[in-house]
Every structure is written in C-alpha cells, then in structure tokens.
Amino acid sequence: MYTLRLEYGAVLIFLCTVLFFSSIQISQAALLYFDPIETSVNSGDTVTVSLRLDVDEGECVNTVDAVVNYDATINAVDTSVGDSILNLWVEPPVIDAANHTIRFAGGVPGGYCGRIPGDPGLTNTILKLVFRSPGLTIGSTEAANHARIWLGDETRVLLHTGYGEDAPLVKQESHITLTNDPGNTPSDSWSSAIQDDDQPPADFVIELTKDTVAFDGKYFVTFNSTDKQSGIDHYEVMEEPFSEFYTFSWGRVDAPWIQAESPYVLKDQTLNSTIRVKAVDKAGNERIETFVSDVAQRSLSYGSRMLIGVSLTVLLIAFGGLVYVMHIRKKKILTTNDDVP
C-alpha cells in the first residue's frame, strides 16, 4: 500500500510537471525568428535572411512592429515584402545604415493564425533582408568575421483581439560567418533574382476613402500590390482631370506621374479626375490600375464654376442688351405715333 502511494505521488508530480511545461508552451503565442539561423557568406557576396513568424495553435495576431538590428561587420542592402503575410504597411521597411537598423510596422486586417495546413511551403514570411559582406581586412580580429542579426527590445506582436494586446513574444537571432574566400563563382543571389524577374506586380484595387478625422476630412486613396519575385520598389500616382463640357480639357496626355505611398491624399478634391496608380517592382516591371469616382460623388471643379460663371455673365449681358434695345425701339415707336397728326 505504501509503495502504491509512492507510485501515485510520482505520477501526480509527473503530471503536474507536464502541465507546467505545457502551460509555458501555450503562453508562447508568437515566435519571431530568422531563417537561416546560421549561415556563411563569402567576401563581396550577398545573403538573404528571412524573418518569419510562428503562432501557437488557436492564436491569431494582426500586427508586427519591429526593429531589426545588425552588426556593423555586414551591410544591409535591400529588403523585400513580396511574399509577406503582412499586406497593410503602416511603416514599410526602412534601412538606417548609420544606426545599423531596419524598422517596419505592418498588419494583417483579418489576422494571421499560423501556416496553412497541408501547405508544404513556409507561408510565414514577414520580410526578406538582403545583406552583403564587405570583406575582411588584413589583420582583422576574430569578431570581424562574424555578424549577428537580432530583434530590438521595442519589437511587438499584437494579438487579433481588437484590444491591441501584446502577444507573449519569443525572439531568436541569426548569426552569419564572414569569410575572406571569394569562392570559385561569386554569388549574388539577390541580384540574380531581380534580373530573372520578368513578371509585373499583382493586380490590385484602388479604394477611395473620406474620413472626418483623417487628413482633415479630405478624400484619399489606398492601394497595395505584391510582387513575389523581387518585391515592390515604389508606387506612382497620376491624377488626370476629365474634359469638362466637351470644350475645355483640364488634363493632358503627359500628366505627370508622382511617386507616392498609400494612403495618398488627392490633389483634386472635386473627384473630376481619372486616378491612375502604378506599382513598380525592383526589376522595373509595372502594373497600372485605374479608378474613376461615381458621378454622384463629384462636385463642380474650379474650372467648371468659372465656365458657368462666365456663361451666366454673358447671358445676363445679352439679356440686358436685348431689354435695352427693345426699350429703345418701343420709345421710338411711341415718339413716332405722337408726331402723327
């Protein structure tokens, strides 16, 4: 009986231990890690490191606000969000070479709840980071042949609960070994990927919005495209005004493209323009989408008001002249009748 109680107690302790470690695993709602965790790069070559996100089963997140730090022994040369799970960028990735950081903030409006079951690919990419080894100098120290990449303390992942709650976060870093060996064949995989990209960015939609709080109540448009080969480089916007009254054309064929970001506040708040947005990827391929507002949303432009004003003025002058002429003629007729005996 004593032995049985000991065995029961041992089982109870084991069960409690399992539940304890299980609770730790469950509380780990999000994991941000770099892929690969360890790699090497030859002098002058580039290496691509992906930042990935894992979430626990049943957990969903909708925002990643992060700062990536990297050692001065390596150079950050580019970023790509072409196959990112984030599709709304509050702050697109920006490389700060002076401080050796890459800052970004993006979201998933519907929430990200983990990799798609049965998908053999890694569908958890946040962004890709491209680094180049500057090469070692003669007499360099052991520390100079190593580069560390890690996430800053200010990095946050928010749960998809509608309350802006921080997800319990685990962060892992990456280590790159730098060699002075140029290798048999120089490797610049990122440049090769850009050169091989002959596909335009994906189709996208231009959405017109007006909010009493944002942008002082002015109309603005939002847009977002993706490019899985080399990634989006930038956007350009053109506002091409309509021809008004089929008489005056306030736009022109060579209306300028303006480099812009989403959201973009419209110059023409009357909505009497065709709005075109061009997405350009890093290889120079383009995709252009067009938006035309509903007639009910439009208001008279300055040119229209001027034309209407001029027209009314001309009509009033003409009407006044006609009244004056009729008055003179009537006066002459009355005078002639008075002269008749």
Side-chain angles (χ1 to χ4, degrees), residues 29-35 48-53 55 60-70 75-112 124-131 149-167 169 171 173-174 190 201-202 204-207 209 211 213-216 218 220-228 230-237 258-266 277-282:
L31 167 66
L32 280 175
Y33 67 100
F34 295 99
D35 178 23
T48 301
V49 178
S50 297
L51 177 62
R52 301 188 183 278
L53 171 67
V55 295
C60 298
V61 299
N62 61 16
T63 304
V64 179
D65 183 357
V67 175
V68 177
N69 300 287
Y70 58 93
N75 298 328
V77 294
D78 209 346
T79 64
S80 175
V81 296
D83 53 358
S84 174
I85 59 174
L86 306 181
N87 51 31
L88 181 63
W89 291 96
V90 179
E91 184 180 356
V94 175
I95 298 174
D96 183 350
N99 295 305
H100 311 294
T101 61
I102 302 171
R103 181 182 293 274
F104 69 90
V108 189
Y112 174 73
N124 62 344
T125 302
I126 298 294
L127 78 161
K128 293 180 179 178
L129 312 169
V130 184
F131 296 95
I149 305 168
W150 72 99
L151 291 158
D153 294 337
E154 56 270 67
T155 298
R156 304 172 63 201
V157 175
L158 303 184
L159 293 169
H160 186 56
T161 59
Y163 300 104
E165 299 175 85
D166 283 279
L169 180 61
K171 300 174 290 186
E173 56 190 43
S174 178
W190 183 239
F204 61 98
V205 176
I206 304 170
E207 296 185 354
T209 307
D211 188 273
V213 177
F215 305 113
D216 297 324
K218 294 181 179 179
F220 62 93
V221 292
T222 57
F223 42 84
N224 181 65
S225 182
T226 58
D227 186 89
K228 295 187 178 299
S230 61
I232 299 296
D233 183 74
H234 68 276
Y235 294 95
E236 298 176 19
V237 175
I258 301 173
Q259 187 164 326
E261 295 180 355
S262 177
Y264 171 80
V265 180
L266 296 175
V277 178
K278 180 195 298 182
V280 184
D281 66 19
K282 294 181 186 295

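Along the sequence shown, residues are numbered consecutively beginning with 1. The shown structure was predicted, so the numbers you read here are calculated from the model rather than taken from an experiment.
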Shortest non-hydrogen contact between Glu173 and Ile149, atoms and distance: CB-O, 3.1 Å

Shortest non-hydrogen contact from Pro263 toward Phe215: CG-CZ, 3.7 Å

Side-chain heavy-atom pair Thr226, Asn87 within 4.5 angstrom cut-off: no

Heavy-atom side-chain proximity of Tyr33 to Asn124 below 4.5 angstrom: yes

Working for side chain to side chain contact (heavy atoms under 4.5 Å, CB included), residues Phe204 and Ile232: CA-CA 12 Å; Phe204 61 98; Ile232 299 296; over 6 Å; no

Pair Asp227 + Lys282, salt bridge at N-O below 4.0 Å: no

Minimum heavy-atom distance Ala279-Ser225, with the two atoms named: CB-CB, 4.0 Å

Between CD on residue Glu207 and CG on residue Asn224, distance to nearest 0.5 Å: 10.0 Å

Rounded distance [0.5 Å steps], CG in Asp78 versus CD1 in Ile95: 6.0 Å

Spatial distance of atom OG (Ser262) from atom CG (Leu88) [nearest 0.5 Å]: 7.5 Å

Nearest-0.5 Å distance that lies between atom CG in Leu32 and atom CZ in Arg156: 13.0 Å

Evaluation steps, side chain to side chain contact (heavy atoms under 4.5 Å, CB included), between Lys171 and Asp153: CA-CA 10 Å; Lys171 300 174 290 186; Asp153 294 337; 4.0 Å; yes

With sequence neighbours excluded, residues passing ring pair (Phe, Tyr, Trp, His ring centres under 6.0 Å) with Tyr70: His100, Phe131

Crowding at CD, Glu91 (>12 non-hydrogen neighbours, <6.0 Å): yes

Distance in Å, Leu169 CG paired with Leu31 CG, rounded so as to fall on 0.5 Å steps: 8.0 Å

Nearest heavy-atom neighbours spanning Phe220 and Ala214: CE2-CB, 4.2 Å

Tyr112 and Val64, any side-chain heavy atoms less than 4.5 Å apart: no

Heavy-atom closest pair, residues Phe34 and Ser174: CB-CB, 3.5 Å

Close side-chain approach of Ser84 and Leu127, heavy atoms under 4.5 Å: no

Any donor-acceptor N/O pair, Asn75 side chain to Val77 backbone, under 3.5 Å: no

Pairwise side-chain contact, Val221 with Leu266, heavy-atom cut-off 4.5 Å (strictly under): yes

Side-chain heavy atoms of Val68 within contact of Leu151, under 4.5 Å: yes

Contact check, side chains of His160 and Val108, non-hydrogen atoms, under 4.5 Å: no

Stepwise side chain to side chain contact (heavy atoms under 4.5 Å, CB included) check, Val61 with Leu159: CA-CA 4 Å; Val61 299; Leu159 293 169; 4.2 Å; yes

Heavy-atom side-chain contact between Val81 and Phe104 under 4.5 Å: no

Neighbour count >12 (heavy atoms, 6.0 Å) for atom CZ, Arg52: yes

Smallest separation among heavy atoms of Gly164 and Leu158, with atom names: O-CD2, 3.9 Å

CD1 on Ile102 to CG on Leu129, rounded to 0.5 Å: 4.5 Å

